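We number each residue from 1, following the sequence as shown. All of these numbers come straight from a predicted model, not from anything done at the bench.
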Amino acid sequence: MSLAQYIREEQEFLIYIHASADEWEVYEPDRHGTPESIHEGYVVAYLNGEVLEDCANTESLPPGIDYIKVFKKNQEVMPQCVDDARVKIQHEPSPYHPSDGHYCTRIRNMGSVPFKVRRFAAFRAIGRQYRISTVSNSWFTEDQFRNWFNQKTEWLAPGDEAVDQDNYGSGNGYWVFEIEFDTGEIVTVKDGPFRWWKRVLSPAGCSMLIVVFIFIVIFRKMFL
C-alpha cells in the first residue's frame, strides 16, 4: 500500500518520516508534503508499535517501533476445531492489493454473546497434517488481532465485525481462531478450505477463465 492509501484508511496508524540519520518525525502533511508525493523514507506501524510497512531504507526505526517478533521455528499441529454458527469468517479480494496472495478477512459475531479472539494462526498442509505457518513461527496474540483487524473494543459485540483489509497468504491451509465468549466459554474455529476465489481472481486465474470462455465459444460455433 502507498502512504496515501494508509492515510485514506478508516484504520488509524502511526506514520513516521525519516528526517536525517537516526532522526524520525511524526508525519504531518503541512510539514512533509502530501502523501501522494512521498514514496519512500517512511514507516507505517500499528498503534501497538509493530511495523506494518517499512519504506525507509535504513537500519534504524522510530522510538517505540519494532518489527514483529519471530520465534524459533516449530511444527505445531493444527488443533481440533469446531463449527460454531456464532462466528462467521469471510474472505474477499483486498481493496488495496487485488492480486493473488492478498485478501480481506472479516470476522463477524453472529450470536447473542460478545466474544474476543484470544489468539490466531495459519496452518498449512505438510504431508498428512496441518502445521503452523506464520511469519512469527507462532500464534498471533489478542493484541495483534485487535490492531490488525481494527477492533476498537476488547469484546466484539453481537452483530459487529472486525476486518483486516489486507491479509495475505497462500497454499493449502486454514486460518484458525481461538475464541473466548464473555461467559467464559472457549472454542477454536477455522475458516473454510483455503480461499478458492484467490486463484480464480488472480491474474493467472482470470487468464485461464478467458481461455476457457473462448474455447467454449469456438466449440459451440464449430459443433452446434
Worksheet item: Picking from Tyr174, Tyr168, Tyr103, what satisfies ring-ring contact (aromatic ring centres under 6.0 Å, His included) with His91?
Response: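 So, applying the ring-ring contact (aromatic ring centres under 6.0 Å, His included) to His91 and each of Tyr174, Tyr168, Tyr103, only Tyr103 qualifies.
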
Discussion item. By the definition ring-ring contact (aromatic ring centres under 6.0 Å, His included), identify the one residue from Phe120, Phe177, Phe149, Tyr46 that meets it with Phe140.
Written reply: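 The residue from Phe120, Phe177, Phe149, Tyr46 that satisfies ring-ring contact (aromatic ring centres under 6.0 Å, His included) with Phe140 turns out to be Phe120.
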
Can [Y] be reached from [X] by stepping across I, L, V, M, F, W or Y side chains whose heavy atoms are under 4.5 Å apart?
{"X": "Ile89", "Y": "Met110", "value": "no"}
{"X": "Val163", "Y": "Val189", "value": "no"}
{"X": "Ile68", "Y": "Val44", "value": "yes"}
{"X": "Leu61", "Y": "Leu3", "value": "no"}

Where [X] and [Y] come nearest, the two heavy atoms and their spacing:
{"X": "Gly111", "Y": "Pro158", "answer": "O-CB, 3.2 Å"}
{"X": "Asp166", "Y": "Ser94", "answer": "OD1-OG, 3.1 Å"}
{"X": "Ile17", "Y": "Ile38", "answer": "CD1-CD1, 4.1 Å"}

Does a side chain donor of either [X] or [Y] reach within less than 3.5 Å of an acceptor in the other side chain?
{"X": "Glu53", "Y": "Tyr6", "result": "yes"}
{"X": "Lys152", "Y": "Asn150", "result": "yes"}
{"X": "Trp24", "Y": "Ser60", "result": "yes"}
{"X": "Glu50", "Y": "Gln144", "result": "yes"}
{"X": "Thr105", "Y": "Asp164", "result": "no"}
{"X": "Asp160", "Y": "Asn109", "result": "no"}

Could you list the donor-acceptor pairs under 3.5 angstrom formed between side-chain atoms of residues 126-133 and any protein atom two or more places apart in sequence or on another chain?
residue: Gln129; atom: OE1; partner: Arg131; partner atom: NH2; Å: 2.5
residue: Arg131; atom: NH1; partner: Gln75; partner atom: O; Å: 2.4

Worksheet item: Ring centroid separation for Phe123 and Trp175, is it under 6.0 angstrom?
Response: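 Between Trp175 and Phe123, which both carry aromatic rings, the centre distance is not below 6.0 Å.
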
Item to complete: Rounded to the nearest 0.5 Å, what's the gap from CG on Asn147 to CG on Leu47? Could you check?
Response: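 Asn147 CG to Leu47 CG: 5.5 Å, rounded to 0.5 Å.
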
Item to complete: Output the distance between atom CD (Glu185) and atom CD (Glu180), rounded to the nearest 0.5 Å.
Response: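 Going from CD on Glu185 over to CD on Glu180, the span is 10.0 Å.
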
Practice prompt. State, with a plain yes or no, whether a side-chain heavy atom of His18 is found less than 4.5 Å away from one of Val43.
Written response: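 A side-chain contact under 4.5 Å is absent here.
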
Taking NZ, NE, NH1 and NH2 as the nitrogens, is one of them in [X] or [Y] under 4.0 Å from a carboxylate oxygen of the other?
{"X": "Arg119", "Y": "Glu142", "value": "no"}
{"X": "Glu178", "Y": "Lys190", "value": "no"}
{"X": "Glu25", "Y": "Arg31", "value": "yes"}

Fill in: Hydrophobic cluster partners of Val70 (side-chain heavy atoms under 4.5 Å)
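In the cluster with Val70 there is nothing else; it is isolated.
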
